[in-house]
Structures are given as C-alpha cells and as structure tokens.
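One structure is given below, encoded as structure tokens.
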Amino acid sequence: MFTKKMNKLLSSAVLSSLLLLTACGGGGETATQTGGTGSTATGQKVLNVGLKADPPSLDPMSSSSLYDRQVQNSIYDKLFDVNADGEIVPMLVSEYTVSEDGLTYTLTLQDGITFQDGSEFNAEAVKFNLDRYREEGSKRISELSPIDTVEATDELTVVITLKESFAPFLSVLTDRSGMMVSPAAVEKYGDNYVKNPVGTGPFAFVEQVSGDHVTLKKNENYWKNEVKIDEVNYKVFTNTSAAVQNLRSGVVDIIDEIPVKEIPTVENDPNLTVVAQANMGFQGIHLNNTVGDLQNKYLRQAVDLALDREAIVKVLFDGYGAPAHTPFAPGSFAYSEEQDTAPAVDAAKVQELLEKGGKPDGFSFKMQISTTPQNEQFGAVIQNMLKEHKINVELEKVEYGTMLENGDSGNFEAMQLGWSGRIDPDQNVYDFLVTGMPNNQGRISEPELDEALIEARAEQDEAKRTELYQTAMDIVHENGSYVYIYHNYDKFGVSNKVQNFTYIPDGIIRIANLDLQ
C-alpha cells in the first residue's frame, strides 16, 4: 500500500534538541511521563499521532476542518465508509436498497451496537443524527438538504426519502454527515457536547488540551473488531519539521504531513516509511467577492492569470503536488485535463485585465495564511509572483482556527485555504461555489453557476454530470471566483513499529485496525 518516491530535494537545517522536545505544543512531556511511544510500564499500547494543526471541533455538526476528521474517524463510525480502492462500502449499515427513481434509500443497520456511553445504536439514533445535522446553524445543512423525511420504521430500519434525485448521497454519508453521535450524550451535554463527544467508534474521548493534544482510549466494546491499541494521543505540531524529528526519535509513531524537504531524511531512515499518495483535494485562494478591489472580476482574473502553477509546485513540493485550475483531481470522473491546466502567465494580458478593472497601475490586498512554515513559504511565493505584475499582497499570519472563523464571517480580503477532497465531485464544489453555502468563503454568487451545480447533483447520468461540471468551471474561470493552484499529495510518515497501516484515498488515517510491535 505504500508508495516511496525519491526526489532531489532542498537540504534543511537540523532542529535543535530543545525544539525536538517542545515541538510547538506537540510536547515531549507526555512521552517523558509514559516512556515514549509504544508499550508503557503497564503493558498498554500507546499510539502517538502528529497533526499539523489543532482540531477545532470534534462535533461533526459544527466541524469544517481536516484535522477534526482525523480524530473524529476514531471516535465515530459512519453509516458508510471508503475503502482502500476508493469505493463506497457500508459501515454501520449492513445492507441497503435504492428505489428506481433514486428518491428512497432503505438502510438496514448492524445489530447489537452500543455507543461508548452504553446507550443503544438503532434506527432512532440515525434519525436523530440526520435531523440534527439539518438544523439551523449546522455545517451539514447543504450536504443533507436534499432529504425530505427520515423515518425509523423499526429498530434496525431507516427509510430516507429525498426531495429530488441526489447522486452524491451515499458519498455524503461516508463523511461527517454519516457520523453517528450519541443522542443521549447530546441531550446530557447540550451546547457543551463538542467537549464531550461520544460515538460508536473504536476509541472513546478522554480529553482535549487546546493547541497541544487530544487523548482517546480503546473502546472495550467495539463491535467491528478487536482494537489492539489501548490509547491514542493526537499531538499538535504546527512546525512540521519538528514533527519529523519527533517521528525519528520515536516520540510519535505517525505524522500527517512530511515537509517535502524532509522526505529524503525519512526515506533514508530504516525505521520509517514514507506514504506519499495523490488524493482528491485541492489548495488555492479564496478571493472575497464582496469587499475591496477584489469585488471586480477583472482584478480577480488578473490574480488568477499571474500565478505560475508549475513553478509553485516545483518550488514548494518538488513533484509531491500537481498544478491545478479546477477542484477535480485526476481520477475524478469530472476531471478535464484541458480545464485543469491553467493558461500560461501572460504579462500583457494581466496588464489588460488590470486596466479593465480600473487599476492600470496595480492594486493591493491582504491575504490571510496559517502560521505553519509551509504556509508562510506558500504565501511568500504568491506574494513575489504577483508583485511582478504590480499586484501587492500583504500577508497576514492567522491561527488556523481563527482563519476558519474569519472565513465564516467574511472578515478577510483573500485567504489561502483549500479542501482535503471527497470521492464525489459535488462535495468538492457545491458548498464552495453555490450562493450562500457554508464553505463559500469568497461570497461567490453567480446564478448560472448555481444552476449548473444544482443540476449536476440531481443528475444520475455520469457523462451529463461531467458536462455540467465543465460548464461550472468555465463560469468560475470567467469570474475569477476562486484561484485553484494545486492538487494535494498526502505525505504521511509512519514508524515501522506500526502494523497494518493502509492508505485510504480520502486522506484520513484509520487507527481501528492498527497494532504496535
């Protein structure tokens, strides 16, 4: 399952031993107390996983971060899951049927499952969750908006009726909308549930110390398989080079991102394995369509045209990324090589767009970036490229969680924020580009774009869906709505002590089946 990719990469300075131990809240303190990773003095198996950022919310209802999902997938099971081949497979569902018109989904649930608080998982619990995710203020509203009714027809049967045909429905249920939380825990904790998450998954929540770690313990009554790991600690390393050093020293067993310049170091360590795989995600820049000079579509187009994607990927990733001009990565049925290849940078055309936008002498805007060294380098590359065309970018370093909040409130001009990717193309575009949707940080509002994407999610014919997505991308490019820059590579570092690691193309590290030597 592992892919090892050798490249000639930039050299890097070795971090000091002090950085190795403190590591931006990833902290050697817990490791010192327990004797490091692996088995403790009591014989328990403790797995330590390094995350690039702090998970802002462990409640699927309010979550919008990849780092939440890394932890949530250990706490919660889902109605459906994605396997190593990228296929949708039942999880909490044992079998299901779909009516010929695509409007009625009948789910039969696995029997004998309990939540980690001892309450029963059943059809009423599924109804509770799907109803809750459609409440006002939920981040899941748009994903589940096609639902008309949810009925628990008996203890283990759920009938979901849609308002209209919705091709991505099962795909939606492989992620946060399909995560089942304990109704009893929600009732008990109310608004404080986010700090007391309870699911049916392989690990139960113990504590979260913001900016430092999340600790989970083995679910002794897990229904699916015997869980071999007794405790999981997700440690936060905003400095990914520090994460690599902690991986090499054995303080952590897995890290969710290896900086490109560090990949040879990890590859050459006989105790470690690099897992480098292209995923379904994208990275780029939200341009706020409702504030400042970026309200003008010609100026947004100028920003888009002035960026050399090939150079960005070469400088930042040395092959561990792919230039992009759409949200659809190779492997997606909506992928179009022609559309995903950005036009070559044309200085005369950029100047023409500046003139059309009323700014012949250039203009300025502020761009928010998260506080990791990699994002700061990304920001600097963008800043330098745009400066050549009299477009001046002021970089604002913002904590990741704060940046998500700013995206929700519209408190920004531009923001470097991407998406970890989903199997169905709808989930990579609808929430980001349709008017009023929760991840539409750029406040994009184009009626023809809305129409194409709404029609695409209702269309069952894959070829027709592809045509609609290509129409949508033509509109996005014409309006400079969002600046797509590259497709992601997952770059995990894994200790060889970790057994049974399998890469899943949604980019989420699955821990339920892992063991430690």
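Below, all heavy atoms of this structure are taken into account, side chains as well, without hydrogens, waters or symmetry copies. No experiment lies behind these values; they were computed from the predicted model shown.
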*Decide side-chain contact (heavy atoms from CB on, under 4.5 Å) for Trp223 and Gln110; before the verdict, give the C-alpha distance in whole Å, the side-chain angles of both, and the deciding distance to 0.1 Å.*
CA-CA 9 Å; Trp223 63 278; Gln110 302 278 2; 3.9 Å; yes

Examine distances only and state if a side-chain atom of [X] and a backbone atom of [Y] form a donor-acceptor pair shorter than 3.5 Å.
X      : Y      : result
His487 : Gly281 : yes
Arg140 : Ser63  : yes
Asn488 : Trp419 : yes
Asp68  : Ser57  : yes

Can you confirm whether or not the ring centre of [X] sits under 6.0 Å from the ring centre of [Y]?
X      : Y      : answer
Tyr96  : Tyr105 : no
His213 : Tyr234 : no
Tyr67  : Tyr400 : yes
Tyr76  : Phe115 : no
Tyr335 : Phe333 : no
Phe317 : Tyr489 : no

Inspect the contact between [Y] and [X] and indicate whether a charged nitrogen and a carboxylate oxygen are less than 4.0 angstrom apart.
X      : Y      : value
Lys127 : Glu151 : no
Asp191 : Lys195 : no
Arg309 : Asp340 : no
Lys78  : Asp175 : no
Asp515 : Lys45  : yes
Asp256 : Lys491 : no
Arg176 : Glu143 : no

Kindly check if the number of other-residue, nucleotide or ligand heavy atoms within 6.0 Å of [atom1] ([X]) is above 12?
X      : atom1 : value
Gln470 : CD    : yes
Gln460 : CD    : yes
Lys366 : NZ    : no
Glu376 : CD    : yes

*Just checking, Arg457 and Tyr430: is the charged tip under 6.0 Å from the six-membered ring centre and within 45° of the axis?*
yes

Atom pair [atom1]/[atom2] of [X] and [Y] - distance to nearest 0.5 Å:
X      : Y      : atom1 : atom2 : answer
Leu66  : Leu51  : CG    : CG    : 8.5 Å
Lys297 : Asp304 : NZ    : CG    : 13.0 Å
Ser445 : Asn289 : OG    : CG    : 9.0 Å

*Report the C-alpha separation of Glu257 and Lys52 in whole Å, then their side-chain angles, then the decisive distance to 0.1 Å, and conclude whether the salt bridge (charged side-chain N to carboxylate O under 4.0 Å, His left out) test is met.*
CA-CA 7 Å; Glu257 182 167 341; Lys52 184 180 173 183; 3.3 Å; yes

*Would you call the rings of Phe492 and Tyr503 parallel, tilted or perpendicular, where under 30° means parallel and over 60° means perpendicular?*
tilted

